[in-house]
Amino acid sequence: MIRITLIGSGNVAQHLIKTFTKSELVEIVQVFSRKKETLASLIEFDKIVNDFEDLKEADLYIIAVSDKAIADVSKQLPFQNRIVVHTSGAASLDVLDSKNRKGVFYPLQTFSKSKEIDFSTVPLCLEAENTFDFRVLETVAKSISNAVFAINSDQRKALHVAAVFVNNFTNHLYQIGQEICEEHQVPFEVLKPLIKETAEKINTLDPVDAQTGPAKRHDSNTIEAHLEYLTKENQKNIYKILTQSIQDNGKTF
């Protein structure tokens, strides 16, 4: 049994609490939260602490806070030479204080408090300074996920940037699509089968082979008609940038 302490109370921390609670190989020793009430529905109240001095000994400490807070939190930990990891995709290993053995436990997924996640399918990207610590992280990761990878800081940064394109930017485009539908009294529900099919295509096709639409066809008449129809300048600009990017795909400059 690997004893874990979680530090944080946001989306990632809450999903990890729910997941680790179900694992037979992991025991949650404590959870740190500035406001104990935030996590009261997820774990026994006596396991929640709001003072770093109250942290007990554990095999692994997982810092699941905002990127800008990781360094400060790791400096405040009142112990040394223990395994301390963060869950960020963008932050390097070096952001952690050197008084402890450093690592990364990055779940590559989008998390919302109100949406349950099947953690067995979530890719977990691991990094550690030595083989022993990596094996500890690997054991913990494999107790909750079937997709575990050794990923260094530079590779993780690349993954995080790519994830912003395929997740955050894509979701923003969904929002724009919804706004256009609502502006013209069209149900957004009509687009959901298309969204699903587009996402499922990449299981059998590379994205470059799955690309369709007026930009791919260089259908200038349709493109101009769309630009004239759009009423918001930011929508026009995004349309132009993405159209040009699709048409430039494969070109060498």
Side-chain angles (χ1 to χ4, degrees), residues 2-17 19-20 23 25-26 28 31-32 52 55 58-112 117-172 202 206-207:
I2 297 178
R3 292 162 52 83
I4 290 178
T5 289
L6 278 160
I7 300 171
S9 58
N11 288 347
V12 174
Q14 291 194 25
H15 280 281
L16 285 175
I17 291 170
T19 303
F20 284 140
S23 173
L25 296 178
V26 168
I28 298 179
V31 178
F32 178 93
F52 288 118
L55 291 175
D59 300 310
L60 173 63
Y61 299 81
I62 300 178
I63 299 176
V65 299
S66 65
D67 288 6
K68 63 182 180 181
I70 295 172
D72 183 57
V73 168
S74 68
K75 287 178 182 177
Q76 293 186 63
L77 298 178
F79 47 74
Q80 57 187 349
N81 198 32
R82 300 182 191 173
I83 310 175
V84 176
V85 305
H86 67 65
T87 59
S88 169
S92 74
L93 193 72
D94 296 332
V95 73
L96 293 165
D97 194 280
S98 59
K99 67 187 175 186
N100 285 296
R101 287 134 58 198
K102 299 180 284 188
V104 178
F105 192 91
Y106 170 49
L108 204 171
Q109 186 52 274
T110 175
F111 294 101
S112 299
I117 292 285
D118 176 8
F119 238 96
S120 67
T121 66
V122 175
L124 293 176
C125 304
L126 312 180
E127 184 178 8
E129 293 180 299
N130 61 68
T131 302
F132 175 82
D133 291 349
F134 183 86
R135 295 307 174 207
V136 172
L137 297 182
E138 188 177 46
T139 300
V140 173
K142 287 184 176 179
S143 76
I144 60 174
S145 173
N146 297 320
V148 178
F149 302 90
I151 301 290
N152 64 37
S153 290
D154 186 63
Q155 291 171 323
R156 190 173 61 259
K157 186 177 293 186
L159 274 174
H160 194 259
V161 173
V164 168
F165 274 93
V166 303
N167 172 238
N168 305 127
F169 289 169
T170 301
N171 188 74
H172 182 63
I202 59 169
D206 284 342

Should [X] and [Y] count as side-chain neighbours, where that means a heavy-atom distance under 4.5 Å?
{"X": "Ser74", "Y": "Asn100", "result": "no"}
{"X": "Leu108", "Y": "Ile151", "result": "no"}
{"X": "Arg101", "Y": "Val84", "result": "no"}
{"X": "Phe105", "Y": "Leu126", "result": "yes"}
{"X": "Val12", "Y": "Gln109", "result": "no"}
{"X": "Leu96", "Y": "Ile70", "result": "yes"}
{"X": "Leu16", "Y": "Thr87", "result": "yes"}
{"X": "Leu77", "Y": "Asp97", "result": "no"}

Rounded to the nearest 0.5 Å, how far does [atom2] of [Y] lie from [atom1] of [X]?
{"X": "Thr110", "Y": "Ile117", "atom1": "OG1", "atom2": "CD1", "answer": "7.0 Å"}
{"X": "Ile28", "Y": "Ile2", "atom1": "CD1", "atom2": "CD1", "answer": "13.0 Å"}
{"X": "Asp59", "Y": "Leu137", "atom1": "CG", "atom2": "CG", "answer": "11.5 Å"}
{"X": "Phe149", "Y": "Glu138", "atom1": "CZ", "atom2": "CD", "answer": "12.0 Å"}
{"X": "Arg135", "Y": "Phe132", "atom1": "CZ", "atom2": "CZ", "answer": "11.5 Å"}
{"X": "Phe20", "Y": "Ile4", "atom1": "CZ", "atom2": "CD1", "answer": "4.0 Å"}

Check: Do the side chain of Thr170 and the main chain of Phe165 share a donor and acceptor less than 3.5 angstrom apart?
Finding: yes
**Message:** Closer than 3.5 angstrom, by distance alone: can the side chain of Glu127 be matched with the main-chain N or O of Ala150 as a donor-acceptor pair?
**Reply:** no
Could you report the tightest heavy-atom contact between [X] and [Y], atom names first, then the distance?
{"X": "Ser92", "Y": "His86", "value": "O-NE2, 3.0 Å"}
{"X": "Val26", "Y": "Ser143", "value": "CG2-OG, 3.7 Å"}
{"X": "Val65", "Y": "Ile7", "value": "CG1-O, 3.7 Å"}
{"X": "Ala90", "Y": "Ser88", "value": "N-OG, 3.1 Å"}
{"X": "Ser145", "Y": "Val122", "value": "OG-O, 2.6 Å"}
{"X": "Asn11", "Y": "Phe111", "value": "ND2-O, 3.1 Å"}

If you count the non-hydrogen atoms of other residues, nucleotides and ligands that lie under 6.0 Å from NZ in Lys99, is the total more than 12?
yes
- Query: Distance only, no hydrogens: is a donor on one side chain within 3.5 Å (strictly under) of an acceptor on the other, for Tyr106 and Arg156?
  - Reply: no
